[in-house]
Amino acid sequence: MHARGVIRTLMAGTAAIVSFGTASAQTAPGPAGTAAGTTISNTAQASYTVNGVQQTASSTAATFVVDLKANLTVAPLGGNTPVTIGESGAVLKFTVTNNTNGTQDFLLSHVQSFLGGLFAGDNFNVGNVRIIVDSNGDNEYTAADTATYINELGADQTKTVFIVADVPADQAAALASVTLIAQIAQGGDATKAGDPLVSNVLTANRDGVVDVVFADNDSGFGDAAFNGYGRSTLAYEITTRNVDLTIAKTSTIVSDPINGILLPKAIPGAFVRYCLIVRNATVATPARNVNVTDFIPANTVYDPGSISVGGIALGGECVTDGVTLTDAGATVLPVSGITGSFDDAIKQVKVTIPTLTSLLPVAVSFRVKIK
């Protein structure tokens, strides 16, 4: 940018003293520099004497507007995310920092297996990929986080971005790399995402207009320098392929046709409660799609509608029934998704537990009648 000022002086054999004024004091800029759109203006002054009389003269003001130096940093927040086979809603965390000297929007996208062979072991893709922006600055993904682009991010400010995806139920899977791509967009309208910035670097400078100059120089891995994009890659990593899952099974005579429930005996016509306590002892690694099956033993018949989940277990025995499940496999526990069924053709009881963590064992019970 060029200052174009004119100083006019009338000098009659006397010396003139010329001084250059500066713009009024401004707030010191941050790391991104002086805010784009800032008007910088100054004038020059001359003082002189004519016939012993002190005189002054001023130039016209030289004015220009600070242009937009568009830059960003996309970085991983932490390392790879350990996941289990079949896990849903697994999260990778990134940060996007606005290094531009202005408030900007950032458009977000992703690619999978971006580094290809450079990310050793990458052998599967995740599904149902979503990109979500942290809404409250806690760096933790919750249902309250819904924004899909970064809106009105100030200069030198940072936002956390989550990539949320589902891991396929593939026993051969090991590593899935995902690259977050952020693109600098126009700011100024909090109601919608701005359009991508367009560089004016190849046009002549305009003093009164904010031109856009891309300053991102992080080229490599498929990204070109000075294009307004930033990238960073993390991976979902399957590190655990088994858990310490156990089933403890006991039987209790609950009633007989002679004594009822008072000290019942295992005589023909008596009812027996089988109790199965399913436990996952591996901390932080859930077991998924746990199918608990049990065949009705010889000399007994299944008591219809007796499958239950969540009863009280003491000393390895179920002392009460839990929530009764249907023999037909319908979901009775919508929150947990646990289902039960009885196959009369093969005399098999089956209970399916979608997710079994180490926090709480699951007690399954059903009854048979002695023939």
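These figures come from a predicted structure and were not determined experimentally.
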Minimal non-hydrogen separation, S135 against A144, with atom names: OG-O, 3.9 Å
Donor-acceptor pair, side chain of Q112 and main chain of V126, under 3.5 angstrom: yes
Gap separating the CG atom of D207 from the OG1 atom of T39, nearest 0.5 angstrom: 11.0 Å
Q55 and Y48: side chain donor to acceptor below 3.5 Å: no
Derivation of the side-chain contact (heavy atoms from CB on, under 4.5 Å) call for I131 and H110: CA-CA 8 Å; I131 301 177; H110 79 281; 4.0 Å; yes
Between T160 and T95: side-chain donor-acceptor atoms closer than 3.5 Å: no
Expected output: side-chain T233 to main-chain T179 donor-acceptor under 3.5 Å: no
S58 and Q45: CA distance, side-chain angles, deciding distance, side-chain hydrogen bond (donor to acceptor under 3.5 Å, both in side chains) verdict: CA-CA 5 Å; S58 300; Q45 306 290 328; 2.6 Å; yes
Interatomic distance, K369 atom NZ to I296 atom CD1 [nearest 0.5 angstrom]: 14.0 Å
Min side-chain heavy-atom separation D294-K249 under 4.5 Å: yes
Value rounded to 0.5 Å, distance of CD in E152 from CZ in F106: 10.5 Å
Donor-acceptor side-chain pairing of T63 and S41 below 3.5 angstrom: yes
Nearest-0.5 Å distance that lies between atom CG in D145 and atom CD in E140: 9.5 Å
Qualifying side chain to side chain donor-acceptor pair (under 3.5 Å) pairs with a residue from residues 347-356, counting only residues at least two apart or across chains: R288-T355, N291-T352, D344-K347
N/O donor-acceptor pair under 3.5 Å between D256 side chain and K265 backbone: yes
Pair D216-N227, side-chain contact (heavy atoms from CB on, under 4.5 Å): steps then yes or no: CA-CA 7 Å; D216 54 291; N227 63 354; 2.9 Å; yes
Backbone N/O of A155 and side chain of N101: donor-acceptor pair under 3.5 Å: no
Nearest heavy-atom neighbours spanning N139 and D134: N-OD2, 2.9 Å
Where at least one partner belongs to residues 254-305, residue pairs that pass ring pair (Phe, Tyr, Trp, His ring centres under 6.0 Å), sequence neighbours excluded: Y274-F366, Y302-F342
Connected-component partners of I261 among ILVMFWY, side-chain separation under 4.5 Å: none
For D156, side chain to side chain donor-acceptor pair (under 3.5 Å) partners two or more places apart: none
Electrostatic pair D105:K192 at N-O distance under 4.0 angstrom: no
Sequence neighbours excluded, every pair satisfying disulfide (SG to SG under 2.5 Å) that has a member inside residues 238-326: C275-C318
Least distance between heavy atoms, L107 atom then G194 atom: CD2-O, 3.8 Å
N99 side chain vs A32 backbone, donor-acceptor pair below 3.5 Å: no
Heavy-atom side-chain contact between Y229 and I184 under 4.5 Å: no
Return a table of donor-acceptor pairs under 3.5 angstrom between the side chains of residues 357-364 and protein atoms on other chains or two or more places apart.
unit_1 : atom_1 : unit_2 : atom_2 : d
T357   : OG1    : L359   : N      : 3.3

Working for side-chain contact (heavy atoms from CB on, under 4.5 Å), residues I267 and I258: CA-CA 9 Å; I267 61 176; I258 305 300; 3.7 Å; yes
Any side-chain heavy-atom pair of T97 and Q157 under 4.5 Å: no
Nearest-0.5 Å distance, OG1 of residue T73 to CG of residue N98: 9.5 Å
Side-chain touch L153/T103, heavy atoms, less than 4.5 angstrom: no
V161/L180 under side-chain contact (heavy atoms from CB on, under 4.5 Å): CA gap, chis, key distance, verdict: CA-CA 9 Å; V161 176; L180 175 68; 3.9 Å; yes
L325 vs I338 side-chain heavy atoms within contact, under 4.5 Å: yes
No-hydrogen, no-angle side-chain donor-acceptor test under 3.5 Å, D189 and T191: yes
Donor-acceptor pair, side chain of D211 and main chain of N205, under 3.5 angstrom: no
Least distance between heavy atoms, V96 atom then I150 atom: CB-CD1, 3.7 Å
Residues in side chain to side chain donor-acceptor pair (under 3.5 Å) contact with D343, at least two apart in sequence or another chain: none
Any donor-acceptor N/O pair, E237 side chain to P82 backbone, under 3.5 Å: no
ILVMFWY clustering at 4.5 Å (side-chain atoms), partners of Y141: V91, I132, F162, V164
Heavy-atom check, side chain of S308 versus side chain of V323, under 4.5 Å: no
With sequence neighbours excluded, residues passing side chain to side chain donor-acceptor pair (under 3.5 Å) with N151: none
Donor-acceptor pairs under 3.5 Å, side chain of residues 195-202 to any protein atom, not counting sequence neighbours: which ones?
unit_1 : atom_1 : unit_2 : atom_2 : d
S199   : OG     : V201   : N      : 3.1
N200   : OD1    : V212   : N      : 2.9

Backbone N/O of L356 and side chain of N280: donor-acceptor pair under 3.5 Å: yes
Which residues share a salt bridge (Lys or Arg N to Asp or Glu O under 4.0 Å) with R130, sequence neighbours left out: D166
Heavy-atom donor-acceptor pair, T100 side chain to N71 backbone, under 3.5 Å: yes
From CZ (R367) to CD1 (I253), nearest 0.5 Å: 12.5 Å
Shared hydrophobic cluster, Y236 / I85 (ILVMFWY, side-chain heavy atoms < 4.5 Å): yes
All side chain to side chain donor-acceptor pair (under 3.5 Å) counterparts of S255, not counting sequence neighbours: none
Single-linkage hydrophobic cluster, 4.5 Å side-chain cutoff, L108 and V178 together: yes
Side chain T282, main chain D244, donor-acceptor under 3.5 Å: yes
